Amino acid sequence: MKVLVLNGPNLGRLGTREPDVYGRTTYADLVELCEATGRELGVEVEVRQTDFEGEMLGWLHGAADEGLPVVLNPAAWTHCSVAVRDACSQLTAPLVEVHISNVHKREEFRRHSYISEVAEGVIAGLGVDGYALAIRHLAATA
Ligand code: DQA
C-alpha cells in the first residue's frame with residue numbers, strides 16, 4: 001500500500017515561515033516524520049511539495065488514476081482553488097485534508113475550505129502531528 005502526502009504553496013519554507021503560526025519543524029523534518037510513520041506502519045509514503053497549481057493538479061490526477069489515498073495540505077489553495085477541489089473530487093481512494101494551524105481561529109477568510117466537502121476528514125491545528133494521524137488513519141482504513 002502507498003500513501004501520497006501532497007503539500008501546496010509556501011510549505012517548503014516550514015521552519016522559517018511564520019514560526020509562531022507553523023512551528024519550527026522544517027519541511028525536511030516533516031518529510032522524515034511522514035516517512036518514519038509509514039515505516040512504522042509498513043506503508044510506503046511519498047511526500048511532495050509544490051508552489052505551482054498545475055503541478056499539484058497533475059499529482060492529484062495521477063493519484064486518481066492509480067487509486068492512491070492522499071493526505072493533502074492545500075495551503076492557500078484551500079481557500080481559493082476550485083481547480084484543486086475539482087481534482088480532489090476525481091480521487092477514488094480517501095482524501096484527508098490537513099492544516100498545521102487551526103484555520104478556524106485565524107482570519108475569517110481561512111474558515112472556508114473548498115476541499116473539506118470532498119475530503120473524508122479534516123485535521124487542523126495539531127501541528128505536523130496531523131500528518132502522522134492522517135497517514136495512520138489511511139493505513140488502517142484505505
Ligand atoms: C495552512 C493554512 C492555510 O490557511 C495557509 O494558507 C497555509 C497553511 C496550514 O497548514 O495551517 O499555507 O494550510
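As the structure is a prediction and not an experimental result, all values here were calculated from the model. Start at 1 and go down the list; that is how both ligands and their atoms are numbered.
- Considering only non-hydrogen protein atoms, atom 12 (O) of ligand 1 sits nearest to Arg17 NH2, 2.9 Å.
- Remark: Phe52 CZ to Trp59 CH2 distance equals 10.5 Å, nearest 0.5 Å.
- Between Asn73 and ligand 1 there is a heavy-atom distance shorter than 4.0 Å.
- Under 4.0 Å from ligand 1, heavy atoms of His99 appear from its side chain as well as its backbone.
- Atom numbering of ligand 1 starts at 1 in the shown order; those under 4.0 Å from a heavy atom of Ser101 are 2 (C), 9 (C), 11 (O).
- Under a hydrophobic clustering in which Ile, Leu, Val, Met, Phe, Trp and Tyr are joined whenever their side-chain heavy atoms come within less than 4.5 Å, directly or via other members, Leu6 and Val84 fall into the same cluster.
- Shortest contact from atom 2 (C) of ligand 1 to any protein heavy atom: Val103 CG1, 3.7 Å.
- Neither the backbone nor the side chain of Val98 has any atom closer than 4.0 Å to an atom of ligand 1 (non-hydrogen atoms only).
- Between Glu117 and Arg85, at least one side-chain N (NZ, or NE/NH1/NH2) sits under 4.0 Å from a carboxylate O, which counts as a salt bridge.
- Looking at heavy atoms from C-beta onward, Val98 lies out of side-chain contact with Leu72 at the 4.5 angstrom threshold.
- Note: His99 and His79 have parallel aromatic rings, judged against thresholds of 30 and 60 degrees for the angle between ring planes.
- A salt bridge is defined here as a Lys NZ or Arg NE, NH1 or NH2 lying under 4.0 Å from an Asp or Glu carboxylate O, and Glu46 with Arg48 meets this definition.
- Ion pairing between Lys2 and Glu66 fails under the 4.0 Å rule for side-chain N and carboxylate O.
- In summary, the atoms of ligand 1 found under 4.0 Å from a heavy atom of Ala76, numbered by their order in the structure, are 6 (O), 12 (O).
- Taking distance alone, with nitrogen or oxygen atoms compared against 3.5 Å, Ile100 approaches ligand 1 more closely than that limit.
- Atom 3 (C) of ligand 1 has as its closest protein heavy atom His79 NE2, 3.5 Å.
- Considering both main-chain and side-chain atoms, Arg110 comes within under 3.5 Å of ligand 1 through a nitrogen or oxygen pair.
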